[in-house]
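Everything on this sheet refers to the single structure shown next.
All residue numbers refer to positions in the sequence shown, counting from 1. What you see below is based on every heavy atom in this structure, not just the backbone, and it leaves out hydrogens, waters and symmetry mates.
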Amino acid sequence: MVSYCRLQCGRAARGAASLFIGLAVCACSENGGNAGDDSASSLSAEQEEFHADNDIAMTVRSIVDAIRVGENLDTADYNFNGVLTDGIGRPLYSTLQGHPGMWDVDVLSSSMAVIRNQEIGDLLPEDLESYIISNLNLTDADLIDSLEYHGAMGAETSVYDFGGGFLRLDTRTESSASGLEGALVRITASRDLPSPRK
């Protein structure tokens, strides 16, 4: 399964590279601070040099494909804690401290897994959803539910039928102690329709 992911990663990278290069450049410039600041320069260099092979779309696709064919999900194969990337090796987001954003991939049962970011930062949930959905070759016709909650903590939910299972994307806004806001995303892939997030 891992080799399949690596094979597919190159294909996904070509399709998503232009979108996420722009996002990475924007994120670096927003976090870069003052051009004359040495710490800002070293932070920018650290972000540019960072590279990882765990692409978010390939991770989701691997889990989705296993569910489609009726394979039981195994924690040894899928559980992961670390940086997930955009298809060209760059972190999907930076934390408020400017570090590469960390993710958890957890198998909850033989037919359900959850992927979630650990901290808020400069993650763009809409672009992330578009990247994942396009990689799975899903369209608006596969969207079976979409909800948006208004209030102090905004939240959105999208549920897709991928044929053999469902993909649920939950996004909620959270504030840091300093008042900065960011998104927490929870992606659930399951054989049965996942219940609403509590």
Side-chain angles (χ1 to χ4, degrees), residues 1-13 15-16 19-20 52-87 91-93 101-119 123-149 153-174 183-198:
M1 192 62 67
V2 173
S3 60
Y4 171 76
C5 285
R6 288 190 178 141
L7 266 171
Q8 294 296 323
C9 188
R11 294 179 188 151
L19 169 68
F20 281 93
D53 295 323
N54 299 299
D55 172 55
I56 182 80
M58 291 299 98
T59 301
V60 173
R61 186 180 187 109
S62 178
I63 294 168
V64 163
D65 285 348
I67 291 171
R68 273 183 177 144
V69 299
E71 178 184 312
N72 287 335
L73 301 178
D74 189 325
T75 57
D77 293 332
Y78 294 101
N79 277 16
F80 172 79
N81 177 265
V83 177
L84 290 174
T85 67
D86 59 8
L92 287 169
Y93 74 102
M102 302 288 283
W103 294 79
D104 283 321
V105 180
D106 290 319
V107 171
L108 302 182
S109 73
S110 62
S111 61
M112 179 185 288
V114 171
I115 302 168
R116 57 189 164 243
N117 58 320
Q118 296 180 1
E119 297 180 59
L123 180 65
L124 301 173
E126 295 84 6
D127 293 332
L128 175 62
E129 181 172 343
S130 294
Y131 176 45
I132 292 170
I133 296 311
S134 65
N135 187 269
L136 293 173
N137 297 318
L138 298 176
T139 67
D140 287 344
D142 301 300
L143 181 67
I144 61 170
D145 199 4
S146 180
L147 299 169
E148 186 171 349
Y149 306 94
M153 289 179 59
E156 295 181 27
T157 297
S158 301
V159 181
Y160 293 85
D161 183 340
F162 58 75
F166 301 90
L167 189 70
R168 180 185 181 100
L169 295 99
D170 291 296
T171 303
R172 67 182 170 88
T173 302
E174 188 163 293
L184 290 177
V185 175
R186 179 183 172 103
I187 303 163
T188 306
S190 60
R191 190 164 296 134
D192 300 316
L193 189 63
S195 58
R197 186 177 170 187
K198 296 179 180 177

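Contact annotation: the side chain of Leu143 never approaches that of Asp145 to less than 4.5 Å [non-hydrogen atoms, C-beta and beyond]. Contact annotation: the side chain of Asn54 approaches that of Phe80 to within less than 4.5 Å [non-hydrogen atoms, C-beta and beyond]. The closest side-chain heavy-atom distance from Trp103 to Gln118 is not below 4.5 Å. Within the 4.5 Å cutoff, no side-chain heavy atoms of Leu73 are placed close to those of Ser110. Between Leu167 and Ile133, the closest side-chain pair of non-hydrogen atoms falls below 4.5 Å. Taking the side chain as every heavy atom from C-beta outward, Ile115 and Thr59 approach each other to under 4.5 Å. Using a 4.5 Å heavy-atom cutoff, the side chains of Leu123 and Leu184 are not in contact. In this structure, the side chains of Val83 and Met102 come closer than 4.5 Å at one or more pairs of heavy atoms.
To the nearest 0.5 Å, the span separating CD1 on Ile132 from CE on Met58 amounts to 10.0 Å. With values rounded to the nearest 0.5 angstrom, Leu169 atom CG is found 5.5 Å from Ile187 atom CD1. Here the OH atom belonging to Tyr93 is positioned 14.0 Å from the CG atom belonging to Asp86, to the nearest 0.5 angstrom.
Checked against side chain to side chain contact (heavy atoms under 4.5 Å, CB included), Ser134 has no partners two or more places apart in sequence or in another chain. In this structure Asp192 satisfies the salt bridge (charged side-chain N to carboxylate O under 4.0 Å, His left out) test with no other residue, sequence neighbours excluded. Evaluation of the ring-ring contact (aromatic ring centres under 6.0 Å, His included) rule for Tyr160 yields no partner, not counting sequence neighbours. Residues satisfying the side-chain hydrogen bond (donor to acceptor under 3.5 Å, both in side chains) criterion with Asp161, sequence neighbours excluded, are absent altogether. Asp140 pairs by the side chain to side chain contact (heavy atoms under 4.5 Å, CB included) definition with nothing, not counting sequence neighbours. Under the side-chain hydrogen bond (donor to acceptor under 3.5 Å, both in side chains) criterion, Thr188 pairs with no residue at all, not counting sequence neighbours.
Minimum heavy-atom separation, Arg186 to Arg116: NH1-NH1, 3.4 Å. Nearest heavy-atom pair across Gly165 and Ile67 is CA-CG2, 4.4 Å. Nearest heavy atoms, Ser158 versus Glu129: OG-OE2, 3.3 Å. Residues Tyr78 and Ala66 share a closest heavy-atom pair of OH-CB, 3.5 Å. Contact record, Phe166 with Leu193: CD1-N, 3.4 Å, taken as the closest heavy-atom pair. What you find for Asp142 and Leu138 is that their closest heavy atoms are OD2-CA, 3.3 Å.
Contact check on Asp170 versus Arg168 returns a salt bridge, with a Lys/Arg side-chain nitrogen under 4.0 Å from an Asp/Glu carboxylate oxygen.
Each of Val60, Leu92, Asp55, Asn117 was compared with Leu84 under the side chain to side chain contact (heavy atoms under 4.5 Å, CB included) criterion, and only Leu92 meets it.
Ser130 contributes a side-chain N or O that, together with a main-chain N or O of Glu126, makes up a donor-acceptor pair within less than 3.5 Å. The main-chain N or O of Arg191 is never found under 3.5 Å from a side-chain atom of Arg68 such that the two would form a donor-acceptor pair. The backbone N or O of Met112 lies less than 3.5 Å from a partner atom in the side chain of Ser109, making a donor-acceptor pair.
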